[in-house]
Trainee: 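Before we start, here is the structure in question, set down as structure tokens.
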Protein chains: 2
Amino acid sequence: MNLKKNSLHDHNSCRQKVMEAAKAYCEQKRLKLTPVREAVLNMLLNEHQALGAYEILEGLRVAGFSAQPPVAYRALNFLRDIGFVHKIEQLNSYIACYHPDMSHSPVFLICQSCNDITEKSIDRHKDEFSIMADETGFQITNLVLEAKGTCQACLANL
Amino acid sequence: MNLKKNSLHDHNSCRQKVMEAAKAYCEQKRLKLTPVREAVLNMLLNEHQALGAYEILEGLRVAGFSAQPPVAYRALNFLRDIGFVHKIEQLNSYIACYHPDMSHSPVFLICQSCNDITEKSIDRHKDEFSIMADETGFQITNLVLEAKGTCQACLANL
DNA sequence: ATATGATTTGTTATGTTATAACATTCACTA
DNA sequence: TAGTGAATGTTATAACATAACAAATCATAT
Ligand SMILES: [Zn+2]
Ligand SMILES: [Zn+2]
Ligand SMILES: [Zn+2]
Ligand SMILES: [Zn+2]
């Protein structure tokens, strides 16, 4: 459990809001937020931090679902496709998105000391990398922007 | 072999220049560019594209070196530490840096169609992500900036 | 209602990427 | 030349991810 994050906001309501948004989104798009998929999203929303696929899988097993790797990866990929989960490439782990409504390119600040991950977001098409790509005629379909380092709280405690 | 890149410049001399730079750097820092390390860097410079660790390992085996995974990973990590090799996180692969002299944050443009990877570079401490991090008091030690998409040449051939 | 096709899930097996742990060799220097 | 730390060799295993196919479920059009 991530105490830091929980101390900063009403995480319970934040979690419920995202879950509602996911249900509404799927309904609107005629996609199915099936029990496995909902369980995975719920797990990530509860943890409020990045989890590896095999941690997800263990959670599914505990919850009574089939626990073979493809089950977890399929649910994760579904959730990534609809923008409610992001993958942290540097950690091979997955994290829920708390503002899936706005079309955004996520930027992650990963603290090596407390393992906390903050998702910032940038306006696609206006950031300098998209501009840099445009200049060379490169058409971006996916951006990975991750910074590893030390967060403010951990710097203060050094 | 990457014909596109080779057609754009004298790759032979570019390769040699970087290798000389690596030797000079190691000498100056009292680090050892041992045969395994040199072989790995040479392989990446020759290919002029990203290689997986196990491709590197196969190359080492062919060249008569020990070919257990740690051998490749240790060499790759040494070369990454001194800035002559970067890891492409989205591909789990490694690529030589052709401008290791300047302190830079690499930005990779990865073409999904021709597999070509272009390394751009941004001035650390002046880019908008470093500024974003600064604003929240986050101290960056490492930046991963990767864009997947389609390069100009491939767009033209669609 | 029921055949039909598409999507989702279950399951087995395997592929791919990376590190732990410890033994051995090598290079340098006291 | 004995001692030290760095580098390499080696075995084993951990961690991450997908291929392939079978079974169940769901949508929907006759
Ligand atoms: Zn997001
Ligand atoms: Zn921290
Ligand atoms: Zn570089
Ligand atoms: Zn291309």
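Chain letters run A, B, ... following the sequence lines, proteins first and then strands; every chain starts at 1. Fair warning: this is a prediction, and the values are worked out from it, not measured in the lab.
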Trainee: In this structure, are over 12 heavy atoms from other groups packed under 6.0 Å from B:Glu27 atom CD?
Mentor: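 Counting neighbours around CD of B:Glu27, 12 or fewer heavy atoms of other residues, nucleotides or ligands fall under 6.0 Å, so no.
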
Trainee: Rounded to whole Å, how long is the line connecting atom CG of B:Asn92 with atom P of C:dT16?
Mentor: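 The distance from CG of B:Asn92 to P of C:dT16 comes to 12 Å, rounded to the nearest Å.
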
Trainee: State, without any angle test, whether A:Gln90 and B:Glu89 hold a side-chain donor-acceptor pair at a distance under 3.5 Å.
Mentor: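 Their side chains do not contain a donor-acceptor pair, so the 3.5 Å distance test is not met.
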
Trainee: Here's a test of your reading of the structure: between B:Leu31 and B:Tyr54, which maps to the more 5' nucleotide of DNA chain D?
Mentor: B:Leu31

Trainee: On DNA chain D, nearest-nucleotide positions of B:Gln68 versus A:Ser93: which is more 5'?
Mentor: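 Taking each residue's closest nucleotide, the earlier one in sequence belongs to B:Gln68.
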
Trainee: Examine C:dA20: is either OP1 or OP2 under 4.0 Å from a nitrogen or oxygen in the side chain of B:Tyr73? Give yes or no.
Mentor: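 For C:dA20, OP1/OP2 do not have a side-chain N/O of B:Tyr73 under 4.0 Å.
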
Trainee: Round to a whole Å and report the spacing from CD of B:Glu89 to P of C:dT17.
Mentor: 13 Å

Trainee: Output the rounded distance in Å from CG (B:Leu76) to C1' (C:dT19).
Mentor: 14 Å

Trainee: Provide, to the nearest angstrom, the distance between the CZ atom belonging to B:Arg37 and the P atom belonging to C:dC26.
Mentor: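 Roughly 16 Å, once rounded to whole Å.
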
Trainee: The side chain of A:Thr34 is closest to which nucleotide in this list: D:dT8, C:dT9, D:dA17?
Mentor: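 Per side-chain heavy atoms of A:Thr34, the pick is C:dT9.
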
Trainee: Using whole Å, report how far CD of B:Gln90 lies from P of C:dT17.
Mentor: 15 Å

Trainee: Given atom CG of B:Asn77 and atom P of C:dA20, what is their separation to the nearest angstrom?
Mentor: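 Taking atom P of C:dA20 as the reference, CG of B:Asn77 is at 11 Å.
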
Trainee: At less than 4.0 Å, is any side-chain N or O atom of A:Lys87 found next to OP1 or OP2 of D:dA17? Yes or no.
Mentor: yes

Trainee: Of A:Phe65 and B:Leu91, whose nearest nucleotide on DNA chain C comes first from the 5' end?
Mentor: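 It is A:Phe65 whose nearest nucleotide is closer to the 5' end.
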
Trainee: What is the distance, to the nearest angstrom, from the CD atom on A:Glu55 to the P atom on D:dA14?
Mentor: 16 Å

Trainee: With respect to B:Tyr94, which candidate in B:Met43, B:Glu55, B:Lys87 satisfies the side-chain contact (heavy atoms from CB on, under 4.5 Å) definition?
Mentor: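 Of the listed options, the one satisfying the test is B:Lys87.
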
Trainee: Starting from P on D:dA17, measure out to CZ on A:Arg74 and report it in whole angstrom.
Mentor: 16 Å

Trainee: Under 4.0 Å, counting only non-hydrogen atoms across every strand here, what does B:Tyr94 touch: a base, just sugar-phosphate, or nothing?
Mentor: sugar-phosphate

Trainee: When rounded to the nearest 0.5 angstrom, what is the spacing between NE2 in A:His104 and CG in A:Leu143?
Mentor: 11.5 Å

Trainee: Please determine, by modelled atom types, if A:Arg74 and A:Asn77 share a side-chain donor-acceptor pair under 3.5 angstrom.
Mentor: no

